[in-house]
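Computed over heavy atoms, backbone and side chain alike; hydrogens, waters and symmetry mates excluded. Keep in mind that this is a model prediction, so the values were computed, not measured. Every chain is numbered from 1, with letters handed out A, B, ... down the list of sequences.
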Amino acid sequence: GESVGLHLPTLSVQEGDNSIINCAYSNSASDYFIWYKQESGKGPQFIIDIRSNMDKRQGQRVTVLLNKTVKHLSLQIAATQPGDSAVYFCAENSGGSNYKLTFGKGTLLTVNP
Amino acid sequence: GAGVSQSPRYKVAKRGQDVALRCDPISGHVSLFWYQQALGQGPEFLTYFQNEAQLDKSGLPSDRFFAERPEGSVSTLKIQRTQQEDSAVYLCASSTDRRLETQYFGPGTRLLVL
């Protein structure tokens with residue numbers, strides 16, 4: 001079936017560097033995407049979202065890019081800090097339904113001091 | 001303000017026992033969702049409530065799983081006759097009626113069935 005997936009399961013960066021976490025999706029009907037951060041033992045924390053009528057959205061230190069042509073989503077974290085270490089999930093609303101989120105498997109980001 | 005809260009945070013059950021997991025959504029959020037997260041995986045949708053109405057239960061894995069939200073606020077996910085494969089983190093999320101898809105998650109209940 002159609003699903004959201006991630007290119008890289010792990011990413012290790014140095015403190016202060018920029019991080020890029022990628023996500024591929026296959027459901028062309030999806031029109032809403034979210035990035036979540038999940039620290040060990042905690043629930044997913046909302047980071048940033050984007051709708052399919054946009055290709056870029058910026059938050060505080062984070063930017064989400066959406067390329068609908070190749071069905072690709074990325075999360076950029078500027079000046080990565082040790083506190084950014086976590087698993088990052090992208091999720092889509094799977095088109096058809098505006099509430100049922102489909103999550104990818106996640107990318108583990110490790111920030112080295 | 002307060003976020004989504006869940007209790008208990010951890011639950012150990014013997015195979016065959018019934019368990020009940022509680023979720024308190026963000027105040028004013030009419031929509032409530034349950035997800036199941038297996039180790040190393042992303043959350044998977046279980047069920048959705050709008051106020052007290054359960055509008056979608058398509059993700060519940062078996063008839064041993066039952067969810068309710070009788071007064072449109074607190075919700076309980078009940079698992080009867082637990083099996084080892086039920087071991088997972090059960091996450092609750094809530095959202096407003098205007099932005100159903102922007103869901104805010106609680107800390108989850110980690111269930112271990114022995």
In the single-linkage hydrophobic clustering (I, L, V, M, F, W, Y; side-chain heavy atoms under 4.5 Å), do [X] and [Y] co-cluster?
| X | Y | answer |
| --- | --- | --- |
| L32(B) | I26(B) | no |
| L66(A) | I21(A) | yes |
| W34(B) | I34(A) | no |
| I47(A) | Y25(A) | yes |
| Y99(A) | F46(A) | yes |

Practice prompt. Could you tell me which portion of T102(B) (side chain, backbone, both or neither) has an atom closer than 4.5 angstrom to a non-hydrogen atom of chain A?
Written response: both
Measuring from atom [atom1] of [X] to atom [atom2] of [Y], what distance do you get when rounded to the nearest 0.5 angstrom?
| X | Y | atom1 | atom2 | answer |
| --- | --- | --- | --- | --- |
| N93(A) | Q103(B) | CG | CD | 9.5 Å |
| Y35(B) | L101(A) | OH | CG | 3.5 Å |
| E101(B) | F33(A) | CD | CZ | 11.5 Å |

Discussion item. So which atom in K100(A) and which in S58(B) form the shortest heavy-atom distance, rounded to 0.1 Å?
Written reply: NZ-OG, 3.1 Å
Worksheet item: Of the non-hydrogen atoms in Q41(B) and F89(A), which two are nearest, and what is the gap between them?
Response: O-CZ, 3.7 Å
Worksheet item: Can you say whether Q45(A) sits under 4.5 Å from chain B via the side chain, the backbone, both, or neither, judging by heavy atoms?
Response: neither
Response to the item:
In terms of heavy-atom pairs under 4.5 Å with chain A, the winner among E44(B), R110(B), Q37(B) is Q37(B)
Practice prompt. Identify which of D56(B), V89(B), L91(B) forms the greatest number of heavy-atom pairs closer than 4.5 Å to chain A.
Written response: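 The candidate making the most pairs under 4.5 Å is D56(B).
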Tell me whether [X] at atom [atom1] has more than 12 heavy atoms from other residues, nucleotides or ligands lying less than 6.0 Å away.
| X | atom1 | answer |
| --- | --- | --- |
| E85(B) | CD | yes |
| L114(B) | CG | yes |
| R64(B) | CZ | yes |

Worksheet item: Residue by residue, which of residues 48-65 of chain A have a heavy atom closer than 4.5 Å to a heavy atom belonging to chain B?
Response: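 So the qualifying residues are D49(A), R51(A).
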